[in-house]
Undergrad: 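First, the structure itself, so that you have it in front of you.
All of these numbers come straight from a predicted model, not from anything done at the bench.
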Amino acid sequence: MEKKRLGFELKQLSNLVKRNLEQTMAESQGTLTAMQHWIIRYLFCNADRDVFQRDIEAEFKIRRSTVTGILKLMEKNGLLERRGVEKDGRLKKLVLTQKAIDLHETAMEIMQSMEERLTRGLSEEELTFLFAIIDKMKKNMEQRND
């Protein structure tokens, strides 16, 4: 019997999680792209401050033209609005609509359900140990080959 390879096993698990998550999200949220989800999450988590297009460009390391296209589509689909700010009439802050907030809350429920499914049957001790091992592996992979 061939020895199991950790990288291969992790890749298979990652593929299964991604496939299940994408399928569940598509069933509940239609055709939102991953980037639209990330932008909604970013705006939701930063609702206590004004967020502008340049903030999205910087956060996700994507070009202005790309962000412009994504935001225009999101605006057209009723997911966000651009609103002027008092201090500078040229600036337009990005504000989520209730539709986007509802989609975000549904997405978080789906993510929580996925997390519960992934950890089913694992004790707190096992999870603590697993996360410690994963942290070590991530540090190993962040180091240069010596």
Undergrad: Name all residues meeting the ring pair (Phe, Tyr, Trp, His ring centres under 6.0 Å) criterion together with Y42; count only those two or more places apart in sequence or in a different chain, and write none if there are none.
TA: F60
Undergrad: Return the CG to OG1 distance between D102 and T97, rounded to the nearest 0.5 Å.
TA: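 One gets 8.0 Å once the value is rounded to the nearest 0.5 Å.
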Undergrad: What distance separates Q36 CD from L103 CG, expressed to the nearest 0.5 Å?
TA: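 One gets 10.0 Å once the value is rounded to the nearest 0.5 Å.
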Undergrad: Just checking, is any N or O donor in the side chain of T68 or Q53 under 3.5 Å from an acceptor N or O on the other one?
TA: yes
Undergrad: State whether the side chain of Q12 and the backbone N or O of E9 hold a donor-acceptor pair below 3.5 Å, judged by distance alone.
TA: no
Undergrad: Roughly how far, to the nearest 0.5 Å, is the CG atom of L94 from the CZ atom of R54?
TA: 10.5 Å
Undergrad: Looking at I56 and I62, what are the two nearest heavy atoms and their distance?
TA: O-CG1, 4.5 Å
Undergrad: Knowing that exactly one of V51, L71, I40, V95 qualifies, which makes a side chain to side chain contact (heavy atoms under 4.5 Å, CB included) with L80?
TA: L71
Undergrad: Please give me the minimum heavy-atom distance between N77 and K99, naming the atom from each residue.
TA: O-NZ, 2.9 Å
Undergrad: Enter the distance from I110:CD1 to R117:CZ here, rounded to the nearest 0.5 Å.
TA: 12.5 Å
Undergrad: Tell me every residue that passes salt bridge (Lys or Arg N to Asp or Glu O under 4.0 Å) with R90, counting only those two or more places apart in sequence or in another chain.
TA: D88
Undergrad: Within the supplied structure, the quantity of interest is the number of heavy atoms (other residues, nucleotides, ligands) at a distance under 6.0 Å from R49 CZ; does it exceed 12?
TA: yes
Undergrad: With E116, which residues qualify under side chain to side chain donor-acceptor pair (under 3.5 Å), at least two apart?
TA: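 For E116 the side chain to side chain donor-acceptor pair (under 3.5 Å) partners, ignoring immediate neighbours, are Q112.
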Undergrad: With a sphere of 6.0 Å drawn around CZ of R64, does it hold more than 12 non-hydrogen atoms of other residues, nucleotides or ligands?
TA: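 Atom CZ in R64 is not crowded, with 12 or fewer foreign heavy atoms closer than 6.0 Å.
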Undergrad: With sequence neighbours excluded, what pairs up with S14 under the side chain to side chain contact (heavy atoms under 4.5 Å, CB included) test?
TA: none
Undergrad: Among L96, L32, L43, exactly one meets side chain to side chain contact (heavy atoms under 4.5 Å, CB included) together with L79. Which residue is that?
TA: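 Output: one option passes, namely L32.
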Undergrad: Under 4.5 Å between side-chain heavy atoms, counting indirect links through other Ile/Leu/Val/Met/Phe/Trp/Tyr residues: same cluster for V67 and W38 or not?
TA: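 Yes: a chain of side-chain contacts under 4.5 Å links V67 to W38.
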Undergrad: For K18, what residues pass the salt bridge (Lys or Arg N to Asp or Glu O under 4.0 Å) criterion, not counting sequence neighbours?
TA: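 Result, salt bridge (Lys or Arg N to Asp or Glu O under 4.0 Å) vs K18: E22.
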Undergrad: Can you establish whether the number of heavy atoms outside M108 located under 6.0 Å from its atom CE is more than 12?
TA: yes
Undergrad: Run the salt bridge (charged side-chain N to carboxylate O under 4.0 Å, His left out) check on E75 and R82 step by step: do they pass?
TA: CA-CA 8 Å; E75 199 171 9; R82 296 175 196 251; 3.1 Å; yes
Undergrad: Ignoring hydrogens and geometry, is there a side-chain-to-backbone donor-acceptor pair from D55 to F52 under 3.5 Å?
TA: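 Pair found, side chain donor or acceptor close to backbone of F52.
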Undergrad: Under the side-chain contact (heavy atoms from CB on, under 4.5 Å) criterion, do L91 and D50 qualify, and how do the steps go?
TA: CA-CA 10 Å; L91 288 175; D50 290 346; over 6 Å; no
Undergrad: Hey, what do you get for SG (C45) to NE2 (H104), rounding to the nearest 0.5 Å?
TA: 5.5 Å
Undergrad: Please tabulate, one pair per line, all N/O donor-acceptor pairs under 3.5 Å involving side-chain atoms of residues 125-139, not counting sequence neighbours.
TA:
unit_1, atom_1, unit_2, atom_2, d
E126, OE1, S123, N, 2.7
E126, OE1, S123, OG, 3.4
T128, OG1, E124, O, 2.9

Undergrad: Starting at CE of M111, measure out to OG1 of T24 and round the result to the nearest 0.5 Å.
TA: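 Result: 11.0 Å between the selected atoms.
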